[in-house]
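Within every chain, numbering begins at 1; the chains are lettered A, B, ... in the order of the sequence lines, protein sequences first and strands thereafter. A quick note: this is a predicted structure, and the numbers were derived from the prediction, not measured.
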There are 2 protein chains.
Amino acid sequence: MARSGPKLTRIARTLGVSAATVSNALSGKGRVSAEMVEKIRATAAELGYVPSQAGRALRTGRTGVLGLVLPDIANPLFPQIAQAIELAASSSGYGVLIADSRGDVSTQTKAIERLIDRDVDGLVIVPRRGTRIADVGCPVAVIDTPSTPGNTVAADHWGGGRQIGEHLKALGHRRVMIIGNNPASNVQNDRAGGIRSVFGEGTHTDTLWIEPLEKAAGKGCPLGLADKVAEGYTAFACISDLHALRALTELQRAGINVPEKASVTGFDDLIWSPVITPALTTARMDMTKIAAIAVAALVKAISERDPSDPAIGAPVTAATCKVPMHLVVRQSAAAPPASQPILTTATAATSVTEGGHQP
Amino acid sequence: MARSGPKLTRIARTLGVSAATVSNALSGKGRVSAEMVEKIRATAAELGYVPSQAGRALRTGRTGVLGLVLPDIANPLFPQIAQAIELAASSSGYGVLIADSRGDVSTQTKAIERLIDRDVDGLVIVPRRGTRIADVGCPVAVIDTPSTPGNTVAADHWGGGRQIGEHLKALGHRRVMIIGNNPASNVQNDRAGGIRSVFGEGTHTDTLWIEPLEKAAGKGCPLGLADKVAEGYTAFACISDLHALRALTELQRAGINVPEKASVTGFDDLIWSPVITPALTTARMDMTKIAAIAVAALVKAISERDPSDPAIGAPVTAATCKVPMHLVVRQSAAAPPASQPILTTATAATSVTEGGHQP
DNA sequence: CTGAAAGCGCTTACAG
DNA sequence: CTGAAAGCGCTTACAG
């Protein structure tokens with residue numbers, strides 16, 4: 001509020017009509033003659049009329065605001081998500097209120113409550129891993145991964161993994177180390193599963209779960225990748241560009257040239273991925289599309305909802321769908337070195353196929 | 001809205017008092033007896049009463065929402081900023097509405113308008129470079145750099161630069177290349193100026209303005225740092241961790257060990273900076289403090305403002321202040337190699353001191 | 001096709 | 001210390 005704009009009644013007075021007519025004309029409900037609508041529109045525009053959200057909200061029970069809940073705003077993926085959601089929301093006339101659920105699940109619950117208390121019309125939630133979003137009394141769209149039970153819109157992480165895997169396989173890699181940091185994450189498991197799924201007979205994959213960022217920070221915490229190279233791994237398929245960056249710099253630092261001596265791939269195409277040397281081969285989500293679907297589902301659920309109903313027990317709603325990921329081929333992955341070390345490990349040449357087919 | 005919570009009158013009825021008394025009790029204006037206040041508080045808590053923002057906003061002319069306008073949400077610094085602002089705002093009982101002004105200045109103006117139209121009580125703006133924020137009719141806090149004219153709260157970028165410069169100088173570096181991407185940015189110039197200011201007699205600094213990310217992406221766009229090392233530069237002081245990352249990987253890729261053969265420093269302590277190899281020495285802003293100051297200034301301006309005044313021409317308000325930066329010493333900067341190449345350039349040993357002292 | 005009336009939930013003077 | 005009344009700006013049945 002505290003805004004200078006004219007109010008609805010001002011337009012009504014100016015034109016000598018009723019407030020109701022102005023309201024109807026502006027909202028295009030069609031109960032007003034064409035000429036009248038035209039005149040009202042013109043005057044409103046001329047006067048710079050912008051409806052008061054507070055007045056409207058009080059009357060309609062809708063605020064025109066969506067809440068965005070993120071597990072950790074500090075996450076490097078957040079910019080992509082927030083930007084996409086903000087764009088989709090504002091295109092549909094909605095504002096976006098943010099809430100950080102940094103910390104544990106209880107913080108997430110509080111963040112959601114804060115948003116609900118501000119009367120958001122719907123919620124986009126990127127849940128902390130393992131969180132089941134309870135019924136919050138307003139439409140919710142969850143962005144996670146297709147393997148998460150419940151209604152979610154998500155990138156096809158498994159498919160993205162497969163693309164990375166196929167790329168690596170086509171380049172000639174037969175011994176691939178997958179690097180992630182969270183075996184409990186559905187997203188990470190899907191990506192890893194997708195990668196594994198393309199490596200069959202005569203190949204070998206293994207998975208290295210490294211320490212998360214918070215713990216690794218400061219300690220330098222080497223991944224021990226030089227050893228892995230010595231063991232014959234020629235490619236490091238990281239579950240995130242963040243891990244890929246750690247892998248890449250560690251390899252470089254150890255004097256192992258990327259991609260000549262070892263290939264590195266990531267996921268997400270974070271902002272710096274294209275500009276490092278070598279530029280990172282990665283798989284990116286189509287955030288624009290994911291956001292568009294999530295917001296569209298929310299907008300639909302909001303408009304279908306009867307504002308006069310008790311609201312409690314409103315359905316958790318979202319489109320369940322899977323958006324393809326896109327492989328971005330750059331320089332960090334290439335053919336493996338010509339002379340590969342002979343594999344000596346017992347587990348060599350074992351094909352890993354857990355998960356069978358994509359969920 | 002569309003929330004299930006009880007309304008104020010429900011509490012009033014339950015207790016057999018008037019709505020006015022409930023309102024007064026809950027807002028602690030002190031016109032209600034202590035016992036009554038206690039009873040009302042208890043009942044409200046028990047019933048889970050949360051005031052309707054819409055009702056309150058309509059009456060008071062305040063929405064309890066702050067707008068956050070960013071030049072580009074995709075910026076890797078955005079998470080830090082958004083997180084800090086969200087924390088500060090929610091601690092003061094405010095919500096945060098985001099708007100992305102990606103693109104040019106006109107997009108920024110539109111983003112601000114969208115927020116104003118949603119009746120935000122105040123605005124935190126991280127302006128696009130060179131932007132003068134016009135009077136928008138509500139309190140504004142600008143986060144930029146102390147050299148920007150007008151009311152701003154900002155990190156002491158110049159001081160941060162000086163810390164980086166002193167660290168490098170103490171390590172023994174005498175020939176330092178500063179790397180930035182935008183000579184028109186006040187922030188970048190302050191940081192660069194701070195670095196330069198510590199290098200006097202018998203030292204040399206130069207500045208390399210590289211292509212911005214968008215242009216560099218895809219083209220691989222090498223910075224030509226190996227040549228600089230050959231010219232005798234022993235340290236690359238980058239104006240952002242993003243540039244430092246480009247520099248670091250390019251040097252590593254060229255077989256130039258960091259920090260043994262060349263030191264690299266950055267700014268901002270982005271999320272991956274501590275976990276790459278070698279970990280990045282950098283200078284970070286105290287975002288928590290900056291956000292706290294910005295939000296506090298806004299909250300103060302909002303409460304001092306008379307809701308009944310015409311609102312147009314409301315003062316652009318913020319604390320003008322400068323928050324110290326913190327040097328984070330990690331492994332990417334160390335003493336220069338023992339045998340430095342002889343300087344042959346004509347400009348060698350020139351001290352650069354433009355700016356004289358900190359603005 | 002247009003208008004008068006009611007009311008969304010709150011807070012703020014103003015009486016008592 | 002407490003209450004009755006008015007009103008913030010809008011939209012939605014309902015009459016005409």
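Contact check, Tyr49(B) against dG9(C): no side-chain N or O comes under 4.0 Å of OP1 or OP2. At the phosphate of dG9(D), neither OP1 nor OP2 sits under 4.0 Å from any side-chain N or O atom of Ser52(A). Contact annotation: Ser18(A) reaches the phosphate of dG3(C) (side-chain N/O to OP1 or OP2, under 4.0 Å). Remark: Arg56(B) is not in phosphate contact with dG9(C), judged by side-chain N or O atoms under 4.0 Å from OP1 or OP2. Contact check, Thr21(B) against dG3(D): a side-chain N or O comes under 4.0 Å of OP1 or OP2.
Here the shortest heavy-atom pairing between Tyr94(B) and Asp121(B) reads CE2-OD2, 3.7 Å. Residues Ser90(B) and Arg114(A) share a closest heavy-atom pair of CB-NE, 3.7 Å.
Both Arg59(A) and Val17(B) lie close to DNA chain D; mapped to their nearest nucleotides by heavy-atom distance, the more 5′-ward contact belongs to Val17(B). Summary of the strand contacts: Lys7(A) and Ala20(A) both lie near DNA chain D, and taking for each the nucleotide with the nearest heavy atom, the more 5' one is attributed to Lys7(A).
Atom CZ of Arg13(B) and atom P of dT2(D) are 20 Å apart (whole Å). In this structure, the CG atom of Asn24(A) is 10 Å from the C1' atom of dG3(C), given to the nearest Å. Computed from coordinates, the Arg62(A) CZ to dC10(D) C1' distance equals 15 Å when rounded to whole Å. Across the protein-nucleic acid pair, Ile40(A) atom CD1 and dC1(C) atom P stand 13 Å apart, rounded to whole Å. As rounded to whole Å, 14 Å separates atom P of dT2(C) from atom CD of Glu38(A). When rounded to the nearest whole Å, the span between CZ of Arg10(A) and C1' of dC10(D) equals 17 Å. For the pair Leu58(B) CG and dA6(D) P, the computed distance is 17 Å after rounding to whole Å. One atom, CG of Leu15(A), and another, P of dT2(C), lie 11 Å apart when rounded to the nearest Å.
Separation of atoms CD1 (Ile112(A)) and CD1 (Ile125(A)) is listed at 3.5 Å; rounding is to 0.5 Å.
For dA4(C), there is no paired nucleotide, since no Watson-Crick or G-U wobble pair has both relevant distances below 3.5 Å. For dA13(C), there is no paired base (Watson-Crick or G-U wobble, both distances below 3.5 Å).
Considering only side-chain atoms of Ser33(B), the nucleotide from dG9(C), dC10(D), dT2(D) that sits closest is dT2(D).
Looking only at distances, no side-chain donor or acceptor of Arg118(B) sits under 3.5 Å from a matching main-chain atom of Gly67(B).
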In sequence, state the C-alpha distance, the side-chain angles, and the governing distance for Gln53(B) and Asp119(A), and then conclude on side chain to side chain donor-acceptor pair (under 3.5 Å). CA-CA 7 Å; Gln53(B) 296 291 332; Asp119(A) 303 334; over 6 Å; no
